[in-house]
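Taking it in order: structure first as structure tokens, then the write-up.
A, B, ... follow the sequence lines: proteins, then strands. Residue 1 opens every chain.
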Amino acid sequence: MFADVILPLALPKLYTYQIPDGMKVEPGMRVVVQFGKRRKYAAIIKRIHDEPPAAYAVKPVLSKLDEYPVVWPHQLHFWEWIARYYACTEGEVMNVAIPAHLKLSSETIIQLDPAYADETSIAVLASQLTDEAFQIVEALAVRHELSLAEVQQLLGETSYTSAQAVVKSLIDQHICVAYESIRESYRPRLETYILLSPAYAEEQALHQLFDQLEKAPRQLQILMKFYELREKQGWVRKKDLLEQAEASHAQLKALVDKGIFQEIKQTVDRIAFTYDGAIQQLHLTPSQQTCVQQIHDWFKEKRVVLLHGVTSSGKTLIYVSLILEAIAKGEQVLYLLPEIALTAQMIRRLQQYLGNQVGVYHSRLSHNERVEMWNKVREGSLQVIVGSRSALWLPFCRLSLIIVDEEHDMSFKQQDPAPRYHARDAAIYYAHLLHARVILGSATPAVETYQQAMQGKYGYVMLKERYGQIALPDMILADMRTIPRQHRGERHITPLLEDHIRRTLQQHKQVILFQNRRGYAPSQICQVCGWVPHCEQCDVALTYHKSIHQLVCHYCGRKYPPVTQCQACGSHAIIHKSFGTERIEDELHTLFPKASIARMDLDTMRKKDSYHQLIHRFEQGRIDILVGTQMVVKGLDFDSVGLVGILLADSLLNYPDFRVNERAFQLMEQVSGRAGRKGEKGMVVIQAYQLRHPVLAHVMAHDYAAFFQMEIEARAHFQYPPFTRLMKIVLKHAQQEKVVEAAHLLAGELTDKFPGQITGPAAPLVSRIRNEYLQEILIRLPRSAHKLQEQKDTIVDICNQLQQQSSFRHVRMIVDVDPMG
DNA sequence: AGCACGCCGACT
DNA sequence: GTCGGCGTGCTC
Ligand SMILES: [Zn+2]
Ligand SMILES: [Zn+2]
């Protein structure tokens with residue numbers, strides 16, 4: 001029999017190995033195989049068959065690593081679909097899908113040849129070998145074994161030749177021997193427990209023991225404590241006994257040596273499920289009950305339901321209700337959140353209703369913890385998982401519901417290593433495969449999602465009621481031009497915002513000021529109405545390039561002369577403006593010298609725990625004004641925020657990205673949701689130049705439907721999703737001329753094949769990253785599934801052909817299916 | 001992704 | 001003449 005296996009590498013094909021007679025394996029099990037000259041990997045069996053390959057000699061499966069499959073057959077189908085849809089290899093999918101500790105690869109270990117076992121024979125080598133080679137021999141004489149990595153370390157930076165070359169010559173001279181070592185890296189956690197020897201089980205023997213220990217009061221004390229602990233919890237951990245009896249290791253060891261105690265090692269869970277609070281009974285309001293009923297009705301005919309609920313409308317309780325039903329039926333539920341930071345908060349809320357039936361899974365768990373969660377989900381002993389997108393890869397055995405909360409959030413799309421998958425979209429496909437259901441939850445649904453719901457492809461349930469009668473905040477626009485002319489450029493807070501901050505602080509309430517993280521898109525802007533020129537073809541904001549004194553479109557690369565007159569109001573007052581991220585703390589300090597001001601962004605939150613510390617300080621009221629980027633929008637459920645300020649809405653509105661409006665609307669709506677508390681109305685001040693921007697009007701009115709109507713028309717007119725599907729090819733190379741040449745060639749070939757579907761090539765806004773120049777090509781693909789896949793495959797072929805040409809071998813090409821920007 | 005093989009430049 | 005640079009191709 002033969003096994004087609006997936007190797008954890010970016011290889012386009014499966015590889016076939018022979019299964020030795022008597023080895024019992026199944027698809028989904030990990031096996032050790034040799035791949036290439038020496039290296040060994042843990043590969044996953046995808047298919048078992050009896051078709052002997054004719055074209056090559058087959059190598060045998062060396063051993064099996066699992067008694068049970070670590071992934072289910074349905075997962076293997078899912079991986080295959082992901083690889084095809086997102087144009088990557090199954091090996092790359094495997095690499096993101098399974099925990100690092102289930103992925104094994106061998107390392108080369110070297111030893112001295114037995115002929116050099118004694119010191120004299122080694123000493124002889126000193127004169128024959130290079131310094132580096134002899135250094136290795138000396139180290140081996142002491143340590144017996146070295147891995148190739150250790151050799152590299154030993155030679156360090158002083159080495160001119162690679163460790164590999166030195167080792168190879170030692171092996172060729174028969175001074176060293178090498179072998180490949182592959183080891184399981186998962187280590188179960190062991191804890192030592194203390195038992196009383198069976199000999200003392202009898203009462204009589206026990207009495208004798210107490211008498212016997214009369215002369216050893218410390219040991220007697222330990223024995224007494226042992227009884228106490230055993231009585232209390234039924235078992236005795238060594239650690240607890242030592243601590244509570246205040247005993248030393250030596251004293252306990254004496255008892256073990258005397259044969260009174262026995263030590264046993266037992267594997268224990270790393271993740272403690274220790275929620276011991278009261279389990280709350282779920283009470284739904286009438287409108288929430290109706291909502292649950294509506295979801296059930298939709299599920300009779302639809303796989304996916306969009307739950308459109310304004311902030312704090314109690315979406316979580318709806319989820320809890322559905323989770324409880326699934327648990328009762330013995331089924332599993334996956335609850336996906338866009339960011340790891342949100343999982344901790346959510347799990348605390350869910351535990352109030354579900355106790356210890358909930359687990360977390362995300363990439364910040366330790367490698368060993370991830371393996372343990374993996375196994376619990378596979379066995380079905382854990383029914384509910386809250387996690388970030390990586391939780392989608394867990395081996396669920398009875399998954400019946402996937403909840404994608406904050407489904408509009410673009411961080412569900414994986415950016416860098418392939419597969420560049422969208423967890424929401426992937427979850428919907430996975431649910432099809434498993435006959436499971438999906439709930440997409442959001443206050444501001446993604447345009448694509450809402451469109452599907454409006455067309456009847458998804459069920460749609462709206463939850464209007466605001467929980468606890470929290471009123472929507474008052475919305476105020478502040479004109480940036482009210483900053484006195486002489487202070488323009490140095491001041492960024494309008495008199496109106498300043499006034500509202502002052503009043504809020506006087507009422508001892510807190511202020512959050514939002515600043516956009518994506519900074520710096522230099523553009524032209526009308527000073528009178530705030531109009532910004534857009535590309536006629538792509539509908540994205542044009543960027544002003546000072547060096548060439550031209551406006552550039554970052555999608556199609558088209559250049560325009562600078563505008564001199566506003567196309568909206570006719571004014572000639574056009575200026576250049578960069579919507580960057582200003583450090584406004586100094587300004588705040590000057591305006592409010594007594595207020596305590598803190599900043600929350602990726603840079604200041606880099607240190608471990610600084611995030612939680614800051615939140616804690618804010619909750620305690622020790623921070624008056626919190627300035628932050630996107631981080632302050634997500635996740636935090638602060639209670640006493642009186643005012644939220646958006647420092648410069650234009651920085652959200654002018655980014656060259658076809659989704660800007662969607663992003664801006666979602667962000668401003670979400671920021672607004674932070675203002676206010678139970679019973680008290682909050683306030684939101686939006687500072688902007690473009691006061692008449694349509695997105696702002698919809699935000700002011702909290703009118704999602706109107707926003708959607710406007711946006712969907714633009715998407716239709718400019719042929720963006722959901723009316724087409726997009727594919728982006730990013731080319732990277734250290735030399736600008738090289739990427740530009742490759743990009744133009746590629747775009748040319750693509751245009752031949754798919755006329756009218758290609759935009760670009762063009763340099764993106766950030767055109768150089770880590771010493772590499774970038775070029776991007778955008779391709780519009782049809783919506784119908786079979787044509788789509790066909791065209792995708794052709795595009796990948798064209799890319800590979802170009803890559804094959806020796807002059808472009810070093811141009812990196814990254815294919816991004818359904819890109820976010 | 002490794003790893004080996006193979007073909008050209010600067011050194012013994 | 002050799003050593004070693006890395007460009008090219010393959011791995012069941
Ligand atoms: Zn104007
Ligand atoms: Zn354009």
Side-chain angles (χ1 to χ4, degrees), chain A residues 1-20 23 25 27 29-64 83 88-98 100 102-110 129-133 147-152 155 158-173 178-182 416-419 732-735 738 742 800-815:
Chain A
M1 295 298 274
F2 302 92
D4 294 348
V5 304
I6 304 170
L7 287 155
L9 302 168
L11 295 165
K13 287 183 296 180
L14 299 178
Y15 286 80
T16 307
Y17 288 83
Q18 177 151 44
I19 303 166
M23 186 185 281
V25 287
M29 281 183 179
R30 292 174 309 149
V31 287
V32 177
V33 295
Q34 191 184 72
F35 185 66
K37 271 273 148 62
R38 34 141 57 82
R39 223 174 166 79
K40 295 170 188 171
Y41 293 94
I44 287 186
I45 298 180
K46 184 170 174 196
R47 191 172 77 98
I48 293 171
H49 58 90
D50 56 2
E51 306 146 26
Y56 49 84
V58 200
K59 282 182 185 167
V61 169
L62 297 174
S63 60
K64 67 169 182 170
C88 70
T89 71
E90 289 179 73
E92 287 171 306
V93 182
M94 172 177 170
N95 268 332
V96 300
I98 70 171
L102 295 180
K103 284 183 284 190
L104 314 177
S105 72
S106 67
E107 53 176 6
T108 307
I109 305 281
I110 56 164
L129 295 175
T130 62
D131 285 356
E132 283 173 339
S147 71
L148 220 50
E150 287 169 329
V151 173
Q152 187 85 67
L155 300 182
T158 53
S159 166
Y160 292 103
T161 43
S162 73
Q164 208 170 345
V166 184
V167 167
K168 191 180 181 302
S169 87
L170 284 170
I171 292 166
D172 291 345
Q173 295 170 67
Y179 69 94
E180 289 294 299
S181 157
I182 186 163
D416 222 3
K732 300 186 183 183
H733 195 272
Q735 291 157 266
K738 199 100 203 164
N800 288 338
Q801 275 171 36
L802 188 78
Q803 186 93 80
Q804 229 81 99
Q805 291 180 30
S806 57
S807 56
F808 299 124
R809 190 139 294 182
H810 292 285
V811 177
R812 295 197 296 142
M813 292 181 206
I814 294 153
V815 174

Atom pair distance, as rounded to whole Å: [atom1] in [X] and [atom2] in [N]:
X	N	atom1	atom2	answer
A:His49	C:dC12	NE2	C1'	10 Å
A:Leu9	B:dC3	CG	C1'	12 Å
A:Lys13	C:dG9	NZ	P	15 Å
A:Phe808	C:dT8	CZ	P	14 Å
A:Glu107	B:dC3	CD	C1'	17 Å
A:Lys168	C:dC3	NZ	P	12 Å
A:Lys40	C:dC12	NZ	C1'	16 Å
A:Ile45	C:dC12	CD1	C1'	14 Å

Closest to the [X] side chain: [options]?
X	options	answer
A:Phe35	C:dC12, B:dG2, C:dG7	C:dC12
A:Gln164	B:dC3, B:dA1, C:dC12	B:dC3
A:Ser806	C:dT8, B:dG2, C:dC12	C:dT8
A:Arg809	C:dT11, C:dG7, C:dT8	C:dT8

Can you find a side chain N or O atom of [X] that sits less than 4.0 Å from OP1 or OP2 on [N]?
X	N	answer
A:Gln34	C:dC12	no
A:Tyr41	B:dG2	yes
A:Arg39	B:dC3	yes
A:Lys59	C:dC12	yes
A:Arg38	C:dT11	no
A:Tyr15	C:dT11	no

Original post:
Under the 3.5 angstrom rule, does the side chain of A:Lys103 hit a backbone N or O of A:Asn95 as a donor-acceptor pair?
Top reply: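 A pair under 3.5 Å: yes.
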
Original post:
Just by modelled atom types, is the A:Leu104 backbone N or O under 3.5 Å from a matching donor or acceptor in the A:Lys40 side chain?
Top reply: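 The answer is no, because no donor-acceptor pair under 3.5 Å joins these two groups.
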
**OP:** Write down the atom of A:Met94, the atom of A:Leu7, and the distance for their closest heavy-atom approach.
**Re:**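 For A:Met94 versus A:Leu7, the nearest heavy atoms are SD-C, 4.2 Å.
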
Original post:
So what does A:Ala55 touch, heavy atoms closer than 4.0 Å: a base, only the sugar-phosphate, or nothing?
Top reply: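 No contact.
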
Original post:
Base, sugar-phosphate, or nothing: which does A:Leu7 touch, judged by heavy atoms less than 4.0 Å apart?
Top reply: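 Result for A:Leu7 = nothing.
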
**OP:** Can you measure from CD (A:Gln805) to CG (A:Asn800) and round to the nearest 0.5 angstrom?
**Re:**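 One finds 12.0 Å between CD of A:Gln805 and CG of A:Asn800.
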
**OP:** With rounding to the nearest 0.5 Å, note down the distance linking CZ in A:Arg39 to CG in A:Leu9.
**Re:**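 Here the rounded value is 9.0 Å.
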
**OP:** Classify the side chain of A:Tyr56 versus the base of C:dC12 as yes if they form a donor-acceptor pair under 3.5 Å and no if they do not.
**Re:**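 Answer yes: a donor N or O sits under 3.5 Å from an acceptor.
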
Original post:
Is the shortest heavy-atom distance from the side chain of A:Pro52 to the side chain of A:Gln18 under 4.5 Å?
Top reply: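 No - every pair of side-chain heavy atoms lies 4.5 Å or more apart.
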
